[in-house]
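A short write-up of the structure that comes next.
Sequence positions, counted from 1, serve as the residue numbers for this chain. No hydrogens, no waters, no symmetry mates; every other heavy atom, side chains included, goes into these values.
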Amino acid sequence: MTRSRQKVQKKTNSRNKTQRHLIADLHKHSPISEQYRTIRTNIEFSSVDKELRSFVVTSAGPGEGKSTSVANLAIVMAQNGNTVLIVDADMRRPTAHYTFNLANTRGLTNVLSKQSLLEETVQKTNINNLSILTCGPIPPNPAELLNSQMMEIMMKEALAQFDIVFFDAPPVMAVTDAQLLANKVDGTILVTSSGKTDKEEIIKTKELLDKTKANILGVILNNKPVDEKSYYYYS
């Protein structure tokens, strides 16, 4: 195999690997998909007095599964009949366009810099009711863009067009982007990875989010080994 073919094959394998993470779409009756539906229900019942429609999903550090969690959570929300938008607000290491196999020539950065309108930049996915606003070109000043007046305008427009909006944000311990967003949305969801997430870091992450008055709805625990017999009764 030539070097160029190896490169293409490696890229294809990487993309397929990412697409397999959309278990809520590919394996709707799996125990993991059921867990995402349980999280969906918990979110729906987490506030009695106020309808929650916008969410930031973040983690303490990188590689803890937040982008996979955003994608699958958005899918089960869309399967429930809601129109859902995922905004790839991780403008330092965007991945949503890989996850859903979409182009990333235009996206959030173009909307925030007034180069394009939200409605003409959002892309539909193969999943009913689910749309994506990819990151677009990586900017030199992500935090400034996320904290801009244009960001607040974009968020209002997104909520006018969709029932639910998810923001995939960078890890809290790395940069301030997630804190900036958490202050602007209805709820924040933390993602942790069993055996990987450091206890002290998750405590510090909560403290940093509390300082911005984030409404932390709960924590998703990824990669925890489970006994398949736990699902036997209802399988």
Side-chain angles (χ1 to χ4, degrees), residues 13-28 30-43 46 54-77 84 86-100 130 132 134-135 142 146 164 166-182 185 187-212 214-231:
N13 290 341
S14 176
R15 180 168 297 178
N16 289 339
K17 185 178 180 181
T18 304
Q19 289 174 330
R20 283 199 297 271
H21 291 167
L22 299 180
I23 192 166
D25 178 50
L26 300 175
H27 304 287
K28 295 181 176 63
S30 76
I32 297 175
S33 297
E34 185 58 35
Q35 290 300 310
Y36 281 114
R37 285 190 286 272
T38 298
I39 296 169
R40 177 187 68 195
T41 302
N42 290 342
I43 292 173
S46 60
S54 58
F55 308 93
V56 163
V57 181
T58 185
S59 58
E64 297 180 5
K66 67 177 179 58
S67 294
T68 300
S69 297
V70 172
N72 284 287
L73 199 50
I75 289 171
V76 296
M77 288 282 191
V84 183
I86 295 176
V87 178
D88 194 346
D90 190 342
M91 293 193 282
R92 302 168 194 270
R93 297 184 65 179
T95 59
H97 57 292
Y98 292 128
T99 304
F100 292 92
L130 179 59
I132 308 291
T134 63
C135 169
L146 293 175
I164 296 170
F166 283 100
F167 293 87
D168 184 352
V172 174
M173 295 297 290
V175 288
T176 61
D177 301 13
Q179 289 176 267
L180 296 171
L181 287 171
V185 297
T188 299
I189 300 168
L190 278 175
V191 176
T192 62
S193 180
S194 178
K196 180 175 182 178
T197 304
D198 183 82
K199 181 180 178 181
E200 295 301 319
E201 286 192 350
I202 195 67
I203 292 173
K204 182 64 176 178
T205 295
K206 182 180 182 303
E207 290 175 353
L208 290 172
L209 289 171
D210 285 342
K211 287 181 180 178
T212 64
N215 178 24
I216 301 176
L217 301 178
V219 178
I220 296 175
L221 177 61
N222 273 329
N223 302 318
K224 180 175 173 55
V226 295
D227 184 354
E228 292 185 359
K229 293 179 181 177
S230 302
Y231 299 103

Check: About how many Å separate OG1 of T205 and CD of E200, when rounded to the nearest 0.5 Å?
Finding: 11.0 Å
Check: Between T192 and I220, is there a donor-acceptor pair closer than 3.5 Å when you use the side chain of the first and the backbone of the second?
Finding: yes
Note to self: Please list all pairs meeting salt bridge (Lys or Arg N to Asp or Glu O under 4.0 Å) that have one or both residues in residues 56-75, counting only residues at least two apart or in different chains.
What the structure shows: K66-D90, K66-D168
Next item on the list: Identify the heavy atoms of V56 and A169 that sit nearest to each other, and give their distance.
Entry: CG1-CB, 3.9 Å
Item checked: Candidate pair V191 and V219, rule side chain to side chain contact (heavy atoms under 4.5 Å, CB included), full reasoning -> CA-CA 6 Å; V191 176; V219 178; over 6 Å; no
Notebook entry, point to check: Within the side chain of N223, is there an N or O that forms a donor-acceptor pair under 3.5 Å with the backbone of S194?
Noted result: no
Note to self: For the NZ atom on K204, are there more than 12 heavy atoms of other groups (residues, nucleotides or ligands in this structure) within a distance under 6.0 Å?
What the structure shows: no
Check: Looking only at atom types and distance, does a side-chain atom of Q179 sit under 3.5 Å from a main-chain N or O of T212, one as donor and one as acceptor?
Finding: no
Next item on the list: Please name the pair of heavy atoms, one in A182 and one in A214, separated by the smallest distance, quoted to 0.1 Å.
Entry: CB-CB, 3.6 Å
Note to self: Any side-chain to backbone donor/acceptor pair from T58 onto P170? Under 3.5 Å, distance only.
What the structure shows: yes
Item checked: Straight-line distance of C135 SG to R92 CZ, nearest 0.5 Å -> 10.5 Å
Margin query: Once side-chain hydrogen bond (donor to acceptor under 3.5 Å, both in side chains) is applied, do any residues pair with T188, and if so which ones, sequence neighbours excluded?
Written below: none
Next item on the list: Using side-chain hydrogen bond (donor to acceptor under 3.5 Å, both in side chains) as the criterion, list what pairs up with D210, not counting sequence neighbours.
Entry: K206
Next item on the list: State, yes or no, whether a side-chain contact exists between E201 and V172 at a heavy-atom distance under 4.5 Å.
Entry: no
Note to self: Checking H97 against I132 for the side chain to side chain contact (heavy atoms under 4.5 Å, CB included) test, could you report, in this order, the C-alpha distance in whole Å, the side-chain angles of both residues, the deciding distance, and whether it holds?
What the structure shows: CA-CA 8 Å; H97 57 292; I132 308 291; over 6 Å; no
Note to self: List the residues meeting ring-ring contact (aromatic ring centres under 6.0 Å, His included) with F167, not counting sequence neighbours, and say none if there are none.
What the structure shows: none
Checklist line | Distance in Å, L22 CG paired with H27 NE2, rounded so as to fall on 0.5 Å steps | finding: 10.0 Å
Checklist line | Short N-O contact, R37 and E34, less than 4.0 angstrom | finding: yes
Check: Residues two or more places apart in sequence or in another chain: which of them pass side-chain hydrogen bond (donor to acceptor under 3.5 Å, both in side chains) with S46?
Finding: none
Check: So which heavy atom on R40 is nearest to which on V76, and how close?
Finding: NH1-O, 2.6 Å
Notebook entry, point to check: Do F55 and V185 have side-chain heavy atoms sitting under 4.5 Å apart?
Noted result: no
Next item on the list: Decide side chain to side chain contact (heavy atoms under 4.5 Å, CB included) for I189 and L73; before the verdict, give the C-alpha distance in whole Å, the side-chain angles of both, and the deciding distance to 0.1 Å.
Entry: CA-CA 11 Å; I189 300 168; L73 199 50; 3.9 Å; yes
Notebook entry, point to check: Counting N and O atoms only, with roles assigned by atom type, does the side chain of S30 sit under 3.5 Å from a partner on the main chain of S33, one being a donor and the other an acceptor?
Noted result: yes
Item checked: Distance in Å, L180 CG paired with T176 OG1, rounded so as to fall on 0.5 Å steps -> 4.5 Å
Note to self: How close do Y36 and S69 get, counting heavy atoms only, and between which atoms?
What the structure shows: OH-CA, 3.8 Å
Checklist line | N215/L217 under side chain to side chain contact (heavy atoms under 4.5 Å, CB included): CA gap, chis, key distance, verdict | finding: CA-CA 6 Å; N215 178 24; L217 301 178; 3.6 Å; yes
Note to self: Measuring from atom CG of L146 to atom CG of L181, what distance do you get when rounded to the nearest 0.5 angstrom?
What the structure shows: 5.0 Å
Checklist line | Between CG on residue N72 and CG on residue L26, distance to nearest 0.5 Å | finding: 9.0 Å
Note to self: If the condition is side-chain hydrogen bond (donor to acceptor under 3.5 Å, both in side chains), which residues does D198 pass it with, not counting sequence neighbours?
What the structure shows: none
